[in-house]
Amino acid sequence: MTTRREQTSHESSELILRAAAELFAAKGYRQTTFADVAERSGISRGSIPWHFGSKEGLLLAVLERSVDQIRAGLAEEPAVGTEPAEVAAGFDRLMGGADALFAQPTTKLFVTLLVEALEPGSPIHGRYVEIHNTLRDHCRRWLERLPLPPGLSAETLAVTIIGAGIGIHQQWLLAPERVDPEQALAALRRLVAGAVRSAGE
């Protein structure tokens, strides 16, 4: 049974993680301080290292939480033997989930921290690899059950879909007055759906 102290500790951790994710996304990792996180979360500055050990530990915890949120938001994968029409309907749900995923603040966090992840010896490089692998593998497993044009593998199309989605989000962050992410993602969805339909005819 969870004690009141444990519950309070969990609630404090969640407040810190939420505040840190927002600040890392808005300001970047290097520019965010424990004082910033304390002010945003309402939790004392001294409590942050008690919960997470260090700033790097806090960053890794934020990314771990984000990975869990992504996995929870992914559409359920098709069962073996699922009828093509059911798989196609499920793929529509998958693409709809992708729309929602790319609109989340979490995606902005990934974009903001990309440079950190690419630096030699980066502590978050492995988490970024895991995030991309999770998204690609999930998308690929859906695509493997759909008719695809000759010469186009499910793996390649999954890479294209995930890359396009992240690229759309990056463009929107840089030029929100020119890029409508909903329209762009809808166009991507139509292109993929058209390729699948044409291959199945």
Side-chain angles (χ1 to χ4, degrees), residues 21 24-25 62-119 122 124-201:
F24 290 158
V62 166
L63 288 176
E64 188 66 40
R65 182 171 179 265
S66 298
V67 170
D68 291 341
Q69 290 173 338
I70 286 175
R71 287 180 175 143
L74 292 174
E76 184 179 350
E77 293 181 22
V80 175
T82 302
E83 292 297 321
E86 294 177 16
V87 174
F91 184 71
D92 285 341
R93 292 195 301 273
L94 172 68
M95 292 300 291
D99 293 352
L101 172 64
F102 291 128
Q104 288 181 6
T106 300
T107 308
K108 182 179 180 181
L109 173 67
F110 295 152
V111 173
T112 305
L113 296 179
L114 177 60
V115 174
E116 302 277 350
L118 293 175
E119 290 185 356
S122 168
I124 63 174
H125 177 80
R127 288 290 186 272
Y128 264 72
V129 172
E130 181 183 356
I131 290 165
H132 282 259
N133 285 344
T134 296
L135 293 172
R136 280 196 303 269
D137 290 346
H138 189 79
C139 188
R140 173 183 52 76
R141 286 191 287 268
W142 273 101
L143 292 169
E144 285 174 343
R145 298 186 177 277
L146 296 173
L148 298 178
L152 179 61
S153 70
E155 175 70 21
T156 298
L157 186 52
V159 170
T160 302
I161 291 171
I162 300 304
I166 293 174
I168 289 167
H169 198 84
Q170 288 176 335
Q171 292 181 71
W172 172 63
L173 290 174
L174 290 168
E177 72 286 351
R178 292 193 57 188
V179 178
D180 185 325
E182 290 185 6
Q183 289 186 3
L185 287 168
L188 173 63
R189 189 172 179 174
R190 287 196 297 271
L191 288 170
V192 174
V196 170
R197 279 198 304 271
S198 64
E201 292 174 353

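All residue numbers in this chain count up from 1 along the given sequence. Just so it is clear, the values below take in all heavy atoms, side chains as well, and ignore hydrogens, waters and symmetry mates.
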Value rounded to 0.5 Å, distance of [atom1] in [X] from [atom2] in [Y]:
X	Y	atom1	atom2	value
Arg136	Ile131	CZ	CD1	11.5 Å
Ile168	Gln170	CD1	CD	10.5 Å
Arg140	Asn133	CZ	CG	10.0 Å
Leu157	Leu143	CG	CG	5.0 Å
Glu155	Glu144	CD	CD	8.5 Å
Asp137	Glu130	CG	CD	11.0 Å

Which pair of heavy atoms, one from [X] and one from [Y], lies closest together, and at what distance?
X	Y	answer
Phe24	Val62	CE1-CG2, 4.1 Å
Leu152	Thr156	CD1-CG2, 4.2 Å
Cys139	Ile161	SG-CD1, 3.8 Å
Trp172	Val179	CD1-O, 3.2 Å

Residues forming a salt bridge (Lys or Arg N to Asp or Glu O under 4.0 Å) with Glu177, sequence neighbours excluded: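 Scan of Glu177 (salt bridge (Lys or Arg N to Asp or Glu O under 4.0 Å), adjacent residues dropped) gives none.
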
